[in-house]
Protein chains: 2
Amino acid sequence: MAAQRGEGETTTTPAEPADRERARAIPEAAVARLAVYLRALSGMADQGVTAVSSEELSQAAGVNAAKLRKDLSYIGSYGTRGVGYDVEVLVSHIERILGLTRNHSVAVVGIGNLGHALANYGGFPGRGFPVTALFDVDADLIGIPVGGIPVNHIDEITAICLEREVSIGVIATPPPAAQSVCDRLVSAGVQCILNFAPVVLQVPDNVEVRKVDLAVEMQILSFHVARRADEAAGVSVDNNGLGVDGMVSRP
Amino acid sequence: MAAQRGEGETTTTPAEPADRERARAIPEAAVARLAVYLRALSGMADQGVTAVSSEELSQAAGVNAAKLRKDLSYIGSYGTRGVGYDVEVLVSHIERILGLTRNHSVAVVGIGNLGHALANYGGFPGRGFPVTALFDVDADLIGIPVGGIPVNHIDEITAICLEREVSIGVIATPPPAAQSVCDRLVSAGVQCILNFAPVVLQVPDNVEVRKVDLAVEMQILSFHVARRADEAAGVSVDNNGLGVDGMVSRP
DNA sequence: TACCGCTTGTGAACGCATGCACAAAGTCGA
DNA sequence: TCGACTTTGTGCATGCGTTCACAAGCGGTA
Ligand SMILES: NC(=O)c1ccc[n+]([C@@H]2O[C@H](COP(=O)([O-])OP(=O)(O)OC[C@H]3O[C@@H](n4cnc5c(N)ncnc54)[C@H](O)[C@@H]3O)[C@@H](O)[C@H]2O)c1
Ligand SMILES: NC(=O)c1ccc[n+]([C@@H]2O[C@H](COP(=O)([O-])OP(=O)(O)OC[C@H]3O[C@@H](n4cnc5c(N)ncnc54)[C@H](O)[C@@H]3O)[C@@H](O)[C@H]2O)c1
């Protein structure tokens with residue numbers, strides 16, 4: 001990286017990709033891992049560790065060392081060859097890249113089973129994600145404080161989100177309500193949404209949605225159980241199981 | 001372990017792509033989507049829809065139609081050209097592939113905020129994932145039923161998991177306890193684990209772990225906020241930049 | 001029966017992500 | 001000061017996953 005010319009990206013620029021697209025220089029997958037590295041590094045810092053090698057950190061994060069180094073290279077060269085990385089320096093750079101240098105106010109919508117757990121969870125505020133607003137439709141809940149924050153009626157969502165500068169909306173309502181809640185959040189200027197409802201949300205291009213779908217997670221696990229069972233049973237391998245008449249010619 | 005140079009010829013040819021390895025013919029990413037298709041299809045079936053085209057289904061699942069067809073092709077050819085897919089047929093084939101033809105008993109460990117929400121959640125049993133055991137260390141919780149299941153002490157985990165044939169273990173304990181809980185689950189023969197604790201779990205090869213890490217999800221969203229803000233501010237995309245003094249002014 | 005329009009299934013191209021291997025670049029001890 | 005040793009940063013190859021594009025196949029229709 002030292003003697004590089006002002007080109008920035010070394011790759012042979014292919015034709016003409018939209019300039020704005022250039023922005024996403026860091027692969028999404030790498031971003032997710034950076035968050036994991038950050039947590040491992042924070043833990044180390046708390047224990048007084050000041051330096052770490054890619055080998056050690058990769059172990060703590062459960063990834064390949066080469067991959068870790070490549071991930072870090074996306075954000076710059078902050079290591080010292082022959083030594084490793086300074087924990088604090090790395091922490092601050094990852095925090096900068098992830099946009100953690102400022103707080104991101106969070107609103108939770110749907111204060112049922114899951115909403116209560118989220119609102120009571122102490123792990124977010126400490127990490128720069130203060131929960132500042134809670135919403136529901138249930139009259140019995142309005143005004144009741146959960147995790148120190150009183151629940152507001154969903155109809156106040158626009159005003160309150162703007163006022164409290166909510167940047168992340170969490171949807172924990174029943175599936176049928178999810179899309180409408182999502183629309184309201186978007187109208188209120190919220191551009192990031194974390195969705196727990198098992199529904200595919202429709203949003204404008206400028207809004208980022210991430211979903212946490214426990215049923216899907218379980219089903220993926222189930223798939224692996226089934227595959228393992230099949231393997232053990234010696235069922236050679238054709239996904240066409242159910243041989244009934246599914247097997248036709250395949251040259 | 002820096003590699004010695006004597007091995008120039010290492011090209012590490014895999015020599016022989018093991019035949020049995022052919023088994024994993026279905027990409028993991030596709031498996032996750034199949035679960036989403038399944039949900040969309042179930043919803044359609046409930047509404048009396050009997051046939052669906054790849055275009056319609058892909059829309060409902062929020063993916064590209066070509067990708068959907070390729071995903072479905074991994075499990076066989078069950079569509080009718082010129083017509084589309086029979087909803088029920090597709091449902092049954094996806095269920096078969098995902099191993100949903102039999103129930104998967106679930107145990108939740110750590111009945112705190114999150115554990116309560118999970119235990120009370122009605123969405124799992126209906127989908128073939130009955131929660132059959134709850135564990136905690138807190139004496140005040142032992143014996144109390146949550147979602148209809150009484151909480152047992154963690155020390156009983158092995159006996160109860162074996163007895164109730166638990167195949168999926170959900171970890172919802174504080175981070176420091178997660179690894180030990182995981183080890184206990186594995187000893188009890190549980191081969192699939194869903195982990196909510198922000199910890200990288202160490203497990204044997206024959207155990208499948210999936211993690212749900214809300215802090216990471218939030219940080220990914222934060223990254224996008226930051227990226228958007230940078231873009232809007234016209235900061236040409238250079239991940240270096242060290243904001244400390246870089247923010248002072250923009251050329 | 002023969003044709004037509006529609007939708008599937010898939011070969012092939014492309015692009016992203018992973019992992020390897022090694023030169024570059026630094027530290028440390030003598 | 002020098003050389004040996006350590007660890008980073010990255011070019012490159014490989015493999016996976018996505019997307020495109022279209023022939024094959026099917027139902028409906030004349
Ligand atoms: N609880 C879990 O462990 C769990 C697990 C997986 C998925 N989920 C999903 O998370 C969501 C919430 O689950 P839950 O168990 O907390 O459900 P819940 O029924 O306990 O809570 C839902 C809450 O949303 C409120 N609500 C309903 N409509 C609303 C609206 N239009 N605007 C605002 N609030 C509204 C209800 O008043 C209620 O308080 C569901 O979509 C569920 O499928 C939950
Ligand atoms: N609550 C949330 O919304 C949320 C969000 C993100 C992540 N998490 C993570 O999920 C986990 C649980 O969160 P929570 O808010 O429910 O915590 P909590 O403190 O409310 O509950 C933890 C429970 O685990 C039990 N426990 C502790 N040690 C145990 C052990 N060795 N064996 C069995 N049980 C044990 C405790 O008695 C307690 O009941 C934590 O790791 C947390 O970081 C929670």
Side-chain angles (χ1 to χ4, degrees), chain A residues 1-4 7-15 17 21 24-34 51-59 61-86 89-90 93 239-240 246 248-251, chain B residues 1-15 17 21-22 24-34 51-59 61-86 89-90 93 239-240:
Chain A
M1 183 114 237
Q4 196 117 315
E7 251 199 49
E9 289 304 286
T10 50
T11 48
T12 51
T13 327
E21 285 301 306
R24 58 185 65 268
I26 306 181
E28 181 96 0
V31 173
R33 286 191 297 268
L34 283 172
V52 65
S53 71
S54 64
E55 189 61 46
E56 295 167 314
L57 183 52
S58 71
Q59 209 115 37
V63 305
N64 179 298
K67 177 154 40 175
L68 177 134
R69 288 201 298 275
K70 179 143 294 197
D71 286 345
L72 293 182
S73 79
Y74 291 126
I75 68 175
S77 300
Y78 303 113
T80 305
R81 293 173 188 226
V83 178
Y85 301 88
D86 180 287
V89 168
L90 215 44
H93 281 292
N239 296 326
N240 290 341
V248 199
S249 60
R250 197 77 211 78
Chain B
M1 298 320 151
Q4 298 301 48
R5 72 253 279 355
E7 297 195 74
E9 178 231 342
T10 37
T11 335
T12 51
T13 320
E21 283 303 305
R22 196 71 61 96
R24 61 183 62 270
I26 307 182
E28 178 97 1
V31 173
R33 285 190 299 267
L34 283 173
V52 66
S53 72
S54 64
E55 189 60 48
E56 295 167 315
L57 183 52
S58 72
Q59 209 116 35
V63 305
N64 180 299
K67 178 157 31 179
L68 177 134
R69 288 200 300 274
K70 176 136 295 198
D71 287 345
L72 293 183
S73 79
Y74 290 127
I75 68 175
S77 300
Y78 303 112
T80 305
R81 295 172 187 228
V83 178
Y85 302 88
D86 180 286
V89 168
L90 216 44
H93 281 292
N239 295 325
N240 297 334

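Atom set for the values below is all heavy atoms of this structure, side chains included, hydrogens, waters and symmetry mates excluded. Residue numbering restarts at 1 for every chain, and letters A, B, ... go by the order of the sequence lines.
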- Query: How long is the span from the CG atom in B/L34 to the CG atom in B/L90, to the nearest 0.5 Å?
  - Reply: 9.0 Å
- Query: Does A/S54 make a side-chain N or O approach to OP1 or OP2 of D/dT8 shorter than 4.0 Å?
  - Reply: yes
- Write down the distance between CG (A/L68) and P (C/dA17), rounded to a whole number of angstrom. 16 Å
- Query: Considering heavy-atom distances to DNA chain C, does B/V83 or A/T80 have its closest nucleotide positioned more toward the 5' end?
  - Reply: B/V83
- Note on the structure: Going 5' to 3' through nucleotides 16-24 of chain D and flagging B where a protein heavy-atom sits under 4.0 Å of the base, S where only the sugar-phosphate is that close, and - otherwise, we get -SSBBB--B
- Item | Interatomic distance, A/E55 CD vs C/dC20 P [rounded to whole Å] | 11 Å
- Task: Could you check how far CG of A/L72 sits from P of D/dG9, rounded to whole Å?
- Result: 7 Å
- Task: Output all residues satisfying side-chain contact (heavy atoms from CB on, under 4.5 Å) with A/Q59, sequence neighbours left out; order by chain, then residue number.
- Result: A/E55
- Query: Expressed in angstrom and rounded to an integer, what is the separation of B/D86 atom CG from C/dT8 atom P?
  - Reply: 13 Å
Contacts table for residues 65-72 of chain B: side-chain donor-acceptor under 3.5 angstrom, sequence neighbours left out:
{"from": "B/R69", "atom 1": "NH1", "to": "B/S54", "atom 2": "OG", "distance (Å)": "3.1"}
{"from": "B/D71", "atom 1": "OD1", "to": "B/R33", "atom 2": "NH2", "distance (Å)": "3.0"}
{"from": "B/D71", "atom 1": "OD2", "to": "B/R33", "atom 2": "NE", "distance (Å)": "2.6"}
{"from": "B/D71", "atom 1": "OD2", "to": "B/R33", "atom 2": "NH2", "distance (Å)": "3.4"}
{"from": "B/D71", "atom 1": "OD2", "to": "B/Y37", "atom 2": "OH", "distance (Å)": "2.6"}

- Any B/Y85 side-chain nitrogen or oxygen under 4.0 Å from OP1 or OP2 of C/dG9: yes
- Sorted by chain and residue number, the side-chain contact (heavy atoms from CB on, under 4.5 Å) partners of A/V89 (sequence neighbours excluded) come out as A/Y78, A/D86, A/H93
- Message: Using whole Å, what does the distance between atom P of nucleotide D/dG9 and atom NE2 of A/H93 come to?
- Response: 11 Å
- Item | Minimum-distance pair of heavy atoms, taken over all atoms of B/G79 and B/Y85 | CA-CD2, 3.4 Å
- What is the minimum heavy-atom distance between B/A25 and B/Y74, and which atoms define it? O-CD2, 3.9 Å
